[in-house]
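Everything below concerns the one structure shown next.
Computed over heavy atoms, backbone and side chain alike; hydrogens, waters and symmetry mates excluded. Chain letters run A, B, ... following the sequence lines, proteins first and then strands; every chain starts at 1.
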Amino acid sequence: MKGLLYARVIRMKKDWKSLTFWLAFPFLLTYIAIRLIGLWGEDTKIPIGLVVERESQLSNQLIEKLSDVAYLDVRLLNEREAINELEKHELDSVFILQRQYEEAIMGGKRKGVIDAYSSNRSYAYFAVKELVTSFVQDDVSRVKAAYEVRDLFKEYKTDEKWNWEEIVQESIEKQETQQLLQTSFSYLNNESGPTEDGVFPIINTWGIWALFSLMTTFFLFDWVIKEKREELHIRWLFTSTGFEKFASFGLIIYTVIMILIDALTFLLLSVFLQQQVSVKLWLSLFIFRIVINLLAFLFVNLFRQSLIYYVGSIGFTLILMVLGGAIIPVEGVTKQWSWVENLSPITSLLNEQIPYVWLTVLLGLFCIWYWKGDKLRA
Amino acid sequence: MGDYTLKSINNILFFVHQYVKQLQKKWKSLLLLFIFPIFIISIIALLIISLVQSPISSAIAVGLVDDDQTEETKLISSFLKSSFTQDGTIDMKMMREDEAKKEIEENKISAYITLPKEFTESMYNGVSLTIPIVGNAQQKTDSLLVKELVESFTRYIESAQANILTVYDYAKKTDMTDTEFEKYQYDLFIEFTLFTLAKDQLVKEGTVTNIATSSPTHFFTLSGWFLALTIWLFGFYELLRKDEQPSLVTRQKLFGVTIWQTVLARIVVAFAGNVMLASMTFIAIANYFDLDLYWIDYLRLVQYTALYSLVLLVGIAIIDVWIRSMKVTILIQIFFIFLVVITSGSIIPSIYLPLSLQDILPFIFSHETFNWITDIALEGRNYAEYNRLTILMITGFTLLWLSTFIKERWAS
């Protein structure tokens with residue numbers, strides 16, 4: 001046992017530089033990636049076309065409000081230009097304010113005051129339409145309130161003077177100063193809120209970490225190939241410990257080291273990126289580490305050439321990422337076929353669960369591998 | 001000099017031959033390389049389709065918990081329920097909180113919303129109020145969708161409420177009796193709620209379709225092909241890599257073999273293999289979609305694909321020449337390819353890319369190539385221009401040559 005440990009330490013000492021680099025890699029890259037995605041979100045503006053058929057006070061107000069929205073790039077165009085650009089997919093969507101826009105709203109008529117056009121590649125159309133609707137609805141609703149007050153005054157014949165501006169102002173003030181209605185969001189049985197960034201709700205920090213972590217785990221386990229070289233083969237015939245025992249010991253050592261590094265990584269990520277790590281997530285992350293180490297270990301044993309192994313492991317990582325829902329959510333599929341959840345251990349990680357199926361199957365395969373190797377020697 | 005050039009060409013031809021032989025030996029890996037991008041892209045397509053279609057085929061199940069149980073909340077609940085159900089995106093059910101929790105645990109609903117105990121009181125008096133939404137961690141996308149919908153809804157109600165409160169203030173100034181006021185309060189509240197729920201009348205919607213690109217399927221199939229092309233190029237180049245012993249390298253050097261010659265041979269073989277796969281798949285796509293293409297269009301597409309492939313291969317090769325560690329090389333090459341793909345606008349249409357990136361997009365070869373390819377293949381564009389890409393390719397090869405030259409000097 002001591003000898004094994006000693007041999008391992010010597011190996012690691014020899015290439016400690018690359019070892020440190022690869023161990024720190026998931027943290028660094030996850031941090032950089034999340035920051036970049038944040039910057040991307042801030043720097044992305046959705047181009048929309050706004051067509052004003054006749055200028056009015058209300059239409060100008062609407063233009064101003066929309067221009068104030070940070071994530072919109074409002075372009076004032078005429079109808080032909082706007083539709084043309086939309087056809088060429090240079091705009092996300094086009095909104096046309098009718099000629100009678102102001103009269104209609106002031107008259108309390110709101111049906112179809114805005115025409116909205118989208119193309120078959122408009123990704124943000126739904127959200128932008130909601131936003132425009134809410135701005136116009138604000139105006140319509142205030143007009144309604146003002147008329148409501150006028151009717152009141154008529155009915156009760158008060159001495160108060162009915163003043164349109166005053167009522168609208170009061171309503172705006174109420175809406176802006178008092179936070180009347182808010183929402184809070186949380187998942188059931190989970191103290192931490194949703195961990196998404198505003199613009200990219202699907203992208204999950206742990207999903208990104210899983211990507212880099214998987215890649216480095218595969219890369220780090222190339223020691224198995226080095227130990228298995230033809231020239232070294234003869235060595236195992238003369239030692240008291242077989243290759244299987246030696247390699248399994250290496251696996252355990254690497255797993256222990258990686259778990260420690262992971263713990264550090266999660267702590268750092270939770271500090272730097274304000275990610276909350278619940279107890280369930282900790283557990284899920286550690287089991288995930290054990291699963292991917294077993295996976296990398298068994299996978300590398302299939303190869304003789306390190307180059308093919310690297311390329312293969314990148315392909316494998318990509319497949320696991322896609323199947324795991326880290327790039328595109330798999331929920332659409334899992335709703336119909338729930339077994340899809342078991343195709344990648346990343347699904348369990350993202351759901352803060354434990355990948356029992358993977359753990360059992362991999363442990364089983366590991367035992368078979370160990371036992372078979374022992375048999376061969378005997 | 002003439003002798004030297006001849007020898008150099010001979011060497012390159014020799015390595016081309018070697019690499020082709022190497023590829024033939026690796027036919028299993030080649031088959032995998034061919035299938036892999038198609039496999040990955042099909043999975044992605046399947047996921048996207050199922051994600052986009054799932055709300056239509058099955059509405060998101062949401063629970064509504066009414067803790068207040070007043071006349072008003074009952075009315076609001078039924079309004080909400082019918083309004084959402086009409087949309088078809090959300091299937092709302094009334095339930096008690098413990099039922100809702102159980103249904104989330106059994107994965108039956110995606111989220112539940114609670115109208116808190118003091119809901120009506122607060123609404124009438126303008127007291128700040130929070131509506132809790134509880135999501136189902138097993139259905140994150142749907143939960144977040146519910147969150148967005150409810151948030152947009154509360155924005156409408158908030159705006160309506162500001163108006164209601166304003167009218168209440170004015171009503172108090174009149175000589176209304178208390179009982180009259182109470183009734184008025186209720187009526188107005190309901191009226192505004194109904195008015196708010198009918199906000200969708202505001203917008204008349206229409207879709208614009210460009211006939212040539214009538215379906216996004218065409219566009220995204222081409223995107224997929226472009227992505228596959230890029231992965232194939234990388235795969236071919238990597239499969240041609242050899243674990244070369246230093247002793248062999250020295251021996252080769254003595255025979256006048258330079259890095260430039262081996263790298264060039266690799267590029268030639270990878271390029272040829274890729275052209276084969278790419279044209280096969282493209283012809284399959286063009287036939288399947290009945291794309292209206294003439295031979296000149298094919299010629300142009302081949303030229304663009306060829307230029308793109310060469311520039312990409314040169315980029316990969318330059319990284320290869322400069323970095324010693326194999327793992328780091330592969331890693332940086334992957335980042336390079338990732339950037340090339342993102343900026344091409346094939347996965348994420350370029351209008352959704354960051355503004356600072358959009359300014360430099362026209363100068364990026366992948367973006368230029370992809371635009372030309374979609375224009376020619378889908379929009380029937382009858383014009384082509386290769387100057388910039390050709391210049392880039394020549395510059396790339398010069399840089400690569402310089403790199404190998406410097407590297408060789410350095411090493412010796």
Side-chain angles (χ1 to χ4, degrees), chain A residues 40 43-45 47 83 86-87 89 110-121 129-130 133-134 136-138 141-142 145 148-149 152 156 158 160 167 170-171 174-175 178-188 190 201 219 307 310-311 315 318 322 328-333 335 351, chain B residues 36 40 43-44 47-48 50-51 54 101 104 126 128-135 137-139 141 144 147 150-152 154-163 165-167 170-171 173-175 199 201-210 216 238 241 243 327 330 349 351-352 354-356:
Chain A
W40 179 326
D43 197 28
T44 304
K45 285 188 196 283
I83 298 293
L86 183 63
E87 273 180 355
H89 305 290
R110 57 174 170 167
K111 212 167 185 174
V113 288
I114 289 182
D115 284 340
Y117 288 99
S118 57
S119 78
N120 49 27
R121 257 188 263 158
K129 186 196 86 186
E130 273 298 298
T133 316
S134 84
V136 179
Q137 175 72 18
D138 276 356
S141 179
R142 276 178 206 131
E148 209 58 62
V149 174
L152 260 181
Y156 289 93
T158 48
E160 291 263 350
I167 299 166
E170 204 165 308
S171 157
K174 275 213 163 67
Q175 196 179 347
Q178 308 175 352
Q179 291 190 313
L180 295 168
L181 206 54
Q182 290 152 304
T183 53
S184 68
F185 183 83
S186 62
Y187 287 114
L188 186 68
N190 186 353
F219 277 11
L307 170 80
Y310 296 142
V311 177
L318 204 60
V322 170
I328 301 150
V330 285
E331 282 153 23
V333 181
K335 246 191 224 164
N351 290 336
Chain B
F36 176 76
I40 278 273
I43 296 177
I44 293 177
L47 287 181
I48 292 177
S50 63
L51 195 71
S54 66
K101 277 185 179 155
I104 282 191
S128 173
L129 187 72
T130 303
I131 294 189
I133 307 162
V134 178
Q138 280 163 283
Q139 301 180 13
T141 326
L144 290 174
K147 174 185 162 239
V150 173
E151 270 178 4
S152 113
T154 48
R155 263 201 308 277
Y156 287 116
I157 294 192
E158 192 179 26
S159 136
Q161 213 202 339
N163 289 316
L165 291 172
T166 311
V167 180
Y170 281 94
K173 289 181 190 167
T174 62
D175 39 9
K199 44 96 187 164
Q201 302 180 343
L202 273 173
V203 179
K204 205 164 75 208
E205 293 180 63
T207 14
V208 166
T209 42
N210 192 335
E238 291 306 320
R241 191 193 288 273
D243 292 325
K327 283 188 269 187
I330 293 178
I351 57 167
Y352 304 105
L355 291 179
S356 45

Task: Most chain A-contacting option - heavy-atom pairs closer than 4.5 Å, from B/E158, B/K204, B/K327 - done: B/K327
Open item on the list: If you define the side chain from C-beta out and look only at heavy atoms, does anything of A/E170 sit under 4.5 Å from B/Y170?
Closed with: yes
Task: Nearest-0.5 Å distance that lies between atom OG1 in B/T154 and atom CG in A/L181 - done: 5.5 Å
Open item on the list: Any salt bridge linking B/E205 with A/K129? Criterion: basic side-chain nitrogen under 4.0 Å from a carboxylate oxygen.
Closed with: yes
Task: Atom pair CG/CG of A/D43 and B/L355 - distance to nearest 0.5 Å - done: 5.0 Å
Open item on the list: If you count heavy-atom pairs within less than 4.5 Å of chain A, which of B/A162, B/P132, B/G135 leads?
Closed with: B/G135
- [ ] Nearest 0.5 Å please: distance from the CZ atom of A/R142 over to the OG1 atom of B/T166.
- [x] 9.0 Å
TODO: Pick one of side chain, backbone, both or neither for B/Y352, based on which atoms fall under 4.5 Å of a heavy atom in chain A.
DONE: both
Open item on the list: So, taking the atom named CG in B/N163 and the one named CD1 in A/I167, what distance separates them when rounded to the nearest 0.5 Å?
Closed with: 10.0 Å
Open item on the list: Quick check on B/I44 against chain A: is it the side chain, the backbone, both or neither that has a heavy atom closer than 4.5 Å?
Closed with: both
Open item on the list: Measuring from atom CD1 of B/I131 to atom OG of A/S184, what distance do you get when rounded to the nearest 0.5 angstrom?
Closed with: 9.5 Å
Task: Heavy-atom side-chain proximity of A/T133 to B/Y156 below 4.5 angstrom - done: yes
